[in-house]
Amino acid sequence: MRPIHITNSLSQKKELLQPLEKGKVSLYICGVTVYDHCHIGHARAYVAFDTIKRVLTHFGYNVNHVQNFTDIDDKIINRANETNTPWKTLTETFIGSYFEDMDALGVIRANQYPLATAFIPQMIALIQDLIDKNIAYVGSDSNVYFSIDNCPNYGKLSHRNLDDQESGARVNVVSAKKNPMDFVLWKPAKPDEPAWDSPWGSGRPGWHTECAVMVHDVMGHTIDIHGGGEDLKFPHHENEIAQAECCSNNALANIWMHNGFVQIDSEKMSKSTGNFFTIKDVLQEVEGETLRFFLQKVHYRSPIHFSKEGIQEAGQALERLYNTLRNVPMNQQIPKNQIPEFNALEEAFLTALADDFNISGALGHLFDMSRLINTHQAGSERLFNLGQILGLFTKPIQSTVSIPKNVTQMAQDRQSARAAKDFAKSDELRDQILASGFQIKDTPDGFKLTPS
RNA sequence: GGCGGCAUGGCCAAGUGGUUAAGGCAGAGGUUUGCAAAACCUUUAUCCUCAGUUCGACUCUGAGUGCCGCCUCCA
């Protein structure tokens with residue numbers, strides 16, 4: 001097991017990962033609210049944490065990854081009404097859509113995907129516990145609220161002083177709240193809305209309650225890492241911490257990790273502003289692995305500027321690595337004097353990853369290795385193995401497309417023409433081969449046909 | 001207004017208190033090749049501004065400027 005340093009949002013510092021249980025890492029990632037297809041911002045988050053999980057696994061940690069689906073909330077109810085779809089059908093549809101997208105991106109499945117609606121009794125128990133401890137109260141509007149004034153460390157994750165928050169920034173200052181920052185734990189249902197019975201009447205849970213409950217129920221009272229998008233830090237994660245820690249006095253998570261945003265034209269990609277592309281949109285144009293590589297290239301905490309050009313560039317870069325794998329057969333003997341070079345690059349690659357998952361640094365070494373392999377025509381398997389850690393090289397290295405006889409014939413005719421120095425005919429044949437959907441490349445060992 | 005982050009060559013993007021400031025994409029030149037493709041070699045920066053700390057800062061501190069995010073649902 002290699003020591004790993006991770007930037008902890010809680011301390012705002014890089015810390016050594018010290019799992020509660022040796023060799024195991026419990027990782028909870030905030031999942032999506034399933035009322036629509038996922039956009040590139042979601043892809044960024046889940047590709048980032050997938051990479052993190054793969055690296056941890058490679059370094060010898062046994063990762064227990066749990067990720068929720070929020071399958072009940074206002075947006076789901078609204079969308080169900082708008083589209084005249086039963087809400088349960090809606091959520092099932094978009095859970096399916098999520099998995100399609102993640103499979104295309106090469107994201108490994110979590111160990112568990114708990115649904116919010118499967119944890120209603122546990123949420124009710126948590127809320128009741130908070131009421132009993134005088135940390136939650138029933139407002140005059142029948143909502144159950146969490147009272148942040150009774151939570152001493154409120155704000156510790158997002159590092160904000162509540163008095164300094166811009167008052168006008170909050171929409172709907174509800175008079176039923178004791179403090180405007182109090183948040184809803186339980187919400188009474190309107191007629192025809194999905195609802196569950198509770199001590200406070202028929203209703204549904206507030207948004208922040210599920211994660212705390214699931215972590216406790218599925219994983220234990222404290223976990224090693226809790227992750228999600230930068231935007232979840234406040235209020236979502238702050239509120240999770242408040243509930244969980246006020247009740248149990250145990251830390252909800254030791255390390256909090258947050259990924260940066262995808263931006264379009266230097267603005268956050270977001271559904272509310274409408275400037276987003278769905279994953280499915282982009283996959284119409286490029287392969288999943290190209291999109292994955294584009295999202296991976298940048299450190300997980302930095303913003304990514306989304307653009308067609310950027311994706312194309314990532315595709316070119318990835319192609320460079322694939323070319324090496326295609327051109328140099330695996331398991332060729334590496335010259336003895338080059339072995340230290342290979343080892344040094346491999347070590348540098350791993351060292352970078354162990355330092356807060358510095359993938360950009362690691363990729364630099366990967367490209368260096370690619371050049372080394374091309375130069376010495378050996379060592380392809382080392383590149384391949386390192387790429388596997390990042391979830392790359394899922395495409396077949398050798399084409400599995402069978403080459404039609406007539407194309408092979410044309411290629412052979414071209415060889416004859418070249419031998420006879422009839423280059424006009426040779427070029428003509430190459431054009432014909434290209435028109436048939438194949439590309440011909442000359443190598444010292446003869447021609448090579450690949451699908452174009 | 002409060003809090004947080006960022007500012008490195010045409011574009012993307014690592015990194016270090018002091019040797020030649022990674023890597024990718026694009027461009028230029030070259031080698032190889034009849035050509036093409038791939039590959040290889042060469043080539044493009046003093047790191048936003050100002051002040052300070054230091055023998056020495058791009059790397060630390062302060063101020064400034066610009067951009068982004070959160071404070072409202074959000075990966």
Side-chain angles (χ1 to χ4, degrees), chain A residues 9 12 29-33 35 38-49 70 73-75 78 155 158-173 181 207 227-236 238 258-263 266-273 276 293-294 297-299 301-305 307 309-310 312-324 326-328 348 352 355 358-371 373-375 377 417-418 421-424 426-427 430-431 434 439-444 448 450 452:
Chain A
S9 301
Q12 299 173 299
I29 308 293
C30 279
V32 288
T33 301
Y35 70 103
C38 289
H39 58 64
I40 300 302
H42 297 113
R44 202 279 163 94
Y46 300 118
V47 166
F49 283 107
T70 300
D73 98 329
D74 290 2
K75 290 189 293 298
N78 292 341
S158 52
H159 307 100
R160 44 189 88 205
N161 178 346
L162 298 176
D163 299 336
D164 293 336
Q165 299 301 295
E166 193 171 9
S167 55
R170 287 186 73 86
V171 184
N172 293 336
V173 177
M181 299 287 276
W207 171 52
E230 183 71 42
D231 49 356
L232 296 182
K233 199 188 281 179
F234 188 91
H236 180 57
E238 195 71 71
H258 293 98
N259 67 270
F261 294 128
V262 175
Q263 304 193 323
S266 292
E267 271 185 25
K268 177 184 172 184
M269 178 184 289
S270 139
K271 287 197 176 175
S272 54
T273 52
F276 68 94
F293 188 68
F294 168 75
K297 273 183 1 165
V298 178
H299 185 90
R301 280 186 292 106
S302 301
I304 295 182
H305 299 278
S307 69
E309 298 72 40
Q312 201 183 354
E313 184 197 308
Q316 286 299 114
L318 185 59
E319 191 63 14
R320 179 175 172 77
L321 298 177
Y322 266 106
N323 276 331
T324 299
R326 286 189 199 109
N327 294 340
V328 182
D355 179 13
N358 178 3
I359 194 160
S360 308
L363 285 175
H365 304 299
L366 207 62
F367 280 98
D368 282 340
M369 183 176 281
S370 179
R371 175 175 297 115
I373 294 166
N374 287 326
T375 301
Q377 291 292 296
R418 290 179 69 214
K421 297 210 184 287
D422 184 353
F423 298 122
S426 164
D427 290 345
R430 179 169 53 212
D431 289 344
L434 199 62
Q439 195 178 14
I440 189 160
K441 292 174 189 171
D442 296 315
T443 75
K448 212 171 174 177
T450 51
S452 61

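Every chain is numbered from 1 and lettered A, B, ... according to where its sequence line falls, protein lines coming before strand lines. Treat the numbers as computed from the prediction; the structure is a model and nothing was measured.
Partners of A:Phe293 according to the ring-ring contact (aromatic ring centres under 6.0 Å, His included) rule, which considers only residues two or more places apart in sequence or in another chain, do not exist here. The side chain to side chain donor-acceptor pair (under 3.5 Å) check on A:Gln439 picks up nothing, with sequence neighbours excluded. Scanning for side-chain contact (heavy atoms from CB on, under 4.5 Å) contacts around A:Ser272 gives A:Ser270, with sequence neighbours left out.
Comparing B:C35 with B:C67, their C1' atoms sit 49 Å apart, to the nearest whole Å.
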Write down the protein N/O and nucleotide N/O pairs, taken from nucleotides 5-10 of chain B, whose separation is under 3.5 Å; answer none if there are no such pairs.
none

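Contact annotation: the side chain of A:Thr273 never approaches that of A:Glu267 to less than 4.5 Å [non-hydrogen atoms, C-beta and beyond].
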| query | How would nucleotides 34-48 of chain B be written as a contact map, 5' to 3', with B for base contact, S for sugar-phosphate-only contact and - for no contact, using protein heavy atoms under 4.0 Å? | reply | BBBBSSSS-------
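The listed nucleotides are B:G24, B:A75, B:G15; the one nearest the side chain of A:Glu313 is B:G24. Checking B:A75, B:G24, B:A14 against the side-chain heavy atoms of A:His299 singles out B:A14 as nearest. When each of B:C12, B:G24, B:G2 is scored by its nearest atom to the side-chain atoms of A:Lys297, the top-ranked nucleotide is B:C12.
At least one side-chain nitrogen or oxygen of A:Ser302 sits closer than 4.0 Å to the OP1 or OP2 atom of B:A14.
What separates NE2 of A:His365 from C1' of B:G24 is a distance of 14 Å, to the nearest Å.
Side-chain contact, A:Arg326 with A:Asn323: a donor N or O sits under 3.5 Å from an acceptor N or O.
RNA chain B contains the following stems of three or more consecutive Watson-Crick or G-U pairs, with both distances under 3.5 Å: B:1-7 with B:65-71, B:10-12 with B:23-25, B:27-31 with B:39-43, B:48-52 with B:60-64.
For the atom pair A:Lys297 NZ and A:Ser302 OG, the distance stands at 12.5 Å (nearest 0.5 Å).
Both A:Ala317 and A:Tyr46 lie near RNA chain B, and the one whose nearest nucleotide falls closer to the 5' end is A:Ala317. Annotation: of the two residues near RNA chain B, A:Lys271 and A:Phe261, the 5′-most nearest-nucleotide partner is A:Phe261.
Heavy-atom minimum distance, A:Gly41 versus A:Val262: CA-CG2, 3.9 Å.
Interface remark: the A:Glu230 side chain does not form any donor-acceptor pair with the B:G69 base, using a distance-only criterion of under 3.5 Å.
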